[in-house]
Each structure stands twice: as structure tokens, then as C-alpha cells.
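Beneath this line is the structure, given in C-alpha cells, with notes to follow.
All values reported here derive from a predicted model rather than from experimental measurement. The chain is numbered in sequence order, starting from 1.
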Amino acid sequence: MRIFPAIDLKNGRCVRLYQGDFAQETVVNPDPITQAKAFSEEGATYLHIVDLDGALEGKPINLDIIREMKKVSQLPVQVGGGIRTMAQITFYLEDAGIDRVIIGSAALSHPDFVRDAVKLYGDKIAVGIDAKNGFVATSGWLDVSTTDYLTFAKEVEKSGVQTIIFTDIAKDGTLAGPNLQQLQALQGAVNVDIIASGGVSSKADLIELAELGLYGAISGKALYNGNISMAEITEVENLAD
């Protein structure tokens with residue numbers, strides 16, 4: 001299982017939110033470029049970057065910072081937040097050298113956009129499914145749809161997407177453990193690579209996720225506050241191999 005250290009960008013800084021609430025923001029590093037380099041030097045194998053400003057504005061905001069993070073880390077990078085157009089995807093994948101982009105809100109409102117992106121870029125396109133009480137949330141998690149996350153996941157799979165990043169919003173930033181029940185249900189509903197996000201609090205949580213047979217997991221708050229070390233992340237990745 002691949003484990004992705006998370007770097008969430010807001011106002012040019014690296015932050016963590018609690019349950020996706022922008023009013024409950026903690027700055028974990030004012031310099032995300034330095035943070036990206038540090039993760040790389042500590043042994044990270046891939047970075048997960050979210051442009052929170054972009055998610056709110058509906059367009060990428062932190063483009064220059066993200067491009068520099070990719071450059072200094074020299075790691076594969078996946079990016080999400082505010083990706084709404086093919087031009088944005090092309091910039092990330094072709095100009096900025098990003099390895100995978102994550103389509104979030106636009107995947108629900110414009111499914112043809114996802115299909116067109118997959119036709120052009122294949123497995124470099126992932127879809128982020130963020131659920132609140134089992135229903136898909138959009139617009140930086142500010143709006144909740146009437147679409148069940150499993151129903152949506154099946155539609156995403158039909159579009160040709162090979163990777164889904166699933167977040168239970170209620171778990172995000174809480175250190176309360178991942179939602180194993182929802183993840184297992186998702187595994188049973190679709191046959192794609194699944195990356196778990198939200199609630200990871202310890203090495204034991206990562207091992208549980210690896211034992212589910214997931215493709216990957218994202219670690220944010222637990223990594224920043226020392227609940228999990230990069231050495232432990234490497235251990236779990238190697239165990240899964």
C-alpha cells in the first residue's frame with residue numbers, strides 16, 4: 001500500500017482543517033515548499049497536495065507554489081482542489097509536471113468532463129469522493145448533494161477512472177480512525193484503486209487499511225503532530241509489498 005503525506009494549501013501556507021471546516025484551521029507550516037522538501041528527505045514516495053483556496057474558488061489558486069513543491073521534492077505528486085477545466089488539467093500534467101490530478105466537485109456536476117479527461121490522460125486522472133453521512137459533498141465540502149457515495153463511485157468507474165480517493169468528512173482531521181465500514185462497502189461496489197483519506201491516527205490504522213487491500217492511504221494531521229513518523233510510514237509500505 002502506498003501512503004501519501006498530505007499538504008493542504010490555504011493562503012500560501014500548509015494547514016490542517018478539522019472535519020473540513022475552514023473556520024477550524026491550524027497552520028502546520030507557513031512554508032509548504034520547505035514541507036514538501038522535508039517529506040521527500042524523510043523518505044516519502046509520493047505527495048498528496050490539495051489547493052483549499054482552489055476548492056473554494058473553483059479554480060487553482062496556488063499554482064506557482066505547487067509547481068515549486070514538485071520541483072524541490074522531486075517526488076511523484078497528485079493534486080486536487082478547484083480543477084474544473086481541461087486547460088487546468090493540461091497545465092498541471094504537461095506544464096507543471098504533476099503526475100496525477102484529482103477531480104472533485106466537477107465530477108458530480110459534469111460527468112462528461114471526467115470522461116473526456118480520462119480519454120486524454122488515462123490513469124493520470126483520479127476522482128475524489130468526499131462524503132458526509134454517506135452523501136457526496138462538493139464546493140470545498142460546503143455543499144452536500146443528495147447522491148449516495150456508492151452510487152457516485154459506480155458512475156465514476158463507468159467513466160473509466162482507475163483511482164478513487166475517498167474521504168469521510170466526519171473523520172477528517174479528527175484522529176478518530178478511518179471509516180473502515182464505508183471503505184469496505186466501497187471496495188465491494190467498484191473495482192478500482194481506492195485511496196483512503198480521513199481519520200488516520202496511528203501506524204495501527206495504516207496497517208488496518210493495508211490489510212483491507214487498499215491501493216493507498218493519506219496521512220495528514222497524525223504525521224504533523226508526531227502520531228506517525230515517516231519511518232513508520234515506510235515500514236507499512238514495505239509490509240504491504
Side-chain angles (χ1 to χ4, degrees), residues 1-56 62 65-66 69-70 72-73 75-81 102 128 130-132 137 140-141 165-180 182-183 195-212 214 216-240:
M1 183 176 75
R2 186 182 294 277
I3 301 169
F4 301 74
I7 300 179
D8 292 355
L9 300 173
K10 190 169 184 288
N11 299 322
R13 302 176 299 180
C14 179
V15 307
R16 298 304 302 161
L17 305 181
Y18 181 82
Q19 295 183 333
D21 185 349
F22 285 85
Q24 299 190 61
E25 167 195 317
T26 301
V27 177
V28 292
N29 192 329
D31 186 348
I33 295 169
T34 299
Q35 185 64 64
K37 186 176 182 181
F39 279 149
S40 176
E41 291 174 346
E42 291 166 10
T45 58
Y46 213 115
L47 293 181
H48 174 81
I49 300 173
V50 178
D51 183 349
L52 293 173
D53 298 307
L56 286 174
N62 293 286
I65 293 174
I66 292 170
M69 291 166 72
K70 165 69 177 178
V72 301
S73 70
L75 288 174
V77 171
Q78 63 183 21
V79 175
I102 306 159
D130 305 325
K132 191 168 187 176
W141 298 355
I165 299 165
F166 176 74
T167 304
D168 174 14
I169 295 172
K171 293 284 190 177
D172 189 70
T174 66
L175 300 177
N179 192 325
L180 300 176
Q182 286 188 340
L183 287 164
I195 300 175
S197 175
V200 170
S201 67
S202 64
K203 179 182 176 182
D205 283 341
L206 292 175
I207 290 173
E208 276 194 299
L209 293 171
E211 289 174 345
L212 285 181
L214 297 176
I218 292 168
S219 179
K221 188 173 183 178
L223 189 54
Y224 288 105
N225 69 10
N227 283 29
I228 300 172
S229 68
M230 193 61 69
E232 288 176 319
I233 282 177
T234 302
E235 287 174 19
V236 176
E237 286 186 321
N238 291 337
L239 280 174

Run L9 and L52 through side-chain contact (heavy atoms from CB on, under 4.5 Å) and show every step you take.
CA-CA 6 Å; L9 300 173; L52 293 173; 6.0 Å; no

Where is the tightest heavy-atom contact between [X] and [Y], given as atom of each residue plus distance?
X: G43; Y: T234; result: O-OG1, 4.1 Å
X: A196; Y: L214; result: CB-CD1, 3.8 Å
X: S197; Y: I165; result: CB-CG2, 4.4 Å

Hey, does the side chain of [X] reach the backbone of [Y] with a donor-acceptor pair shorter than 3.5 angstrom?
X: N62; Y: D51; result: no
X: K70; Y: L75; result: yes
X: E42; Y: F39; result: no
X: E237; Y: I3; result: yes
X: N29; Y: P32; result: no
X: D53; Y: N11; result: yes

Distance (rounded to the nearest 0.5 Å) between [X] [atom1] and [Y] [atom2]:
X: L47; Y: Q78; atom1: CG; atom2: CD; answer: 9.0 Å
X: L183; Y: D168; atom1: CG; atom2: CG; answer: 8.5 Å
X: I33; Y: C14; atom1: CD1; atom2: SG; answer: 11.5 Å
X: I7; Y: I66; atom1: CD1; atom2: CD1; answer: 10.0 Å
X: N238; Y: M1; atom1: CG; atom2: CE; answer: 11.5 Å

Apply the test side-chain contact (heavy atoms from CB on, under 4.5 Å) to residues S219 and I228: give CA-CA distance (whole Å), side-chain angles for both, the deciding distance (0.1 Å), then the verdict.
CA-CA 8 Å; S219 179; I228 300 172; 3.9 Å; yes

Are the side chains of V200 and L209 in contact, using a 4.5 Å heavy-atom criterion?
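They are in contact (side-chain heavy atoms under 4.5 Å apart), so the answer is yes.
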
Residues in side chain to side chain donor-acceptor pair (under 3.5 Å) with T34, at least two apart?
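If we apply the side chain to side chain donor-acceptor pair (under 3.5 Å) test to T34, skipping adjacent residues, the hits are D31.
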
Taking side chain to side chain donor-acceptor pair (under 3.5 Å) as the criterion, tell me which of T26, D8, N225 meets it with R16.
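That would be D8.
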
Please, which pairs that meet salt bridge (charged side-chain N to carboxylate O under 4.0 Å, His left out) have at least one residue in residues 197-212, sequence neighbours excluded?
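Found K203-E235.
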
So, S40 and S73: side-chain donor and acceptor under 3.5 Å apart, yes or no?
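There is no such pair between these side chains.
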
Pair M69, I49 - check side-chain contact (heavy atoms from CB on, under 4.5 Å), show working.
CA-CA 9 Å; M69 291 166 72; I49 300 173; 3.5 Å; yes

If you apply the rule side-chain contact (heavy atoms from CB on, under 4.5 Å), what do you find for F166 with I195, and how did you get there?
CA-CA 6 Å; F166 176 74; I195 300 175; over 6 Å; no

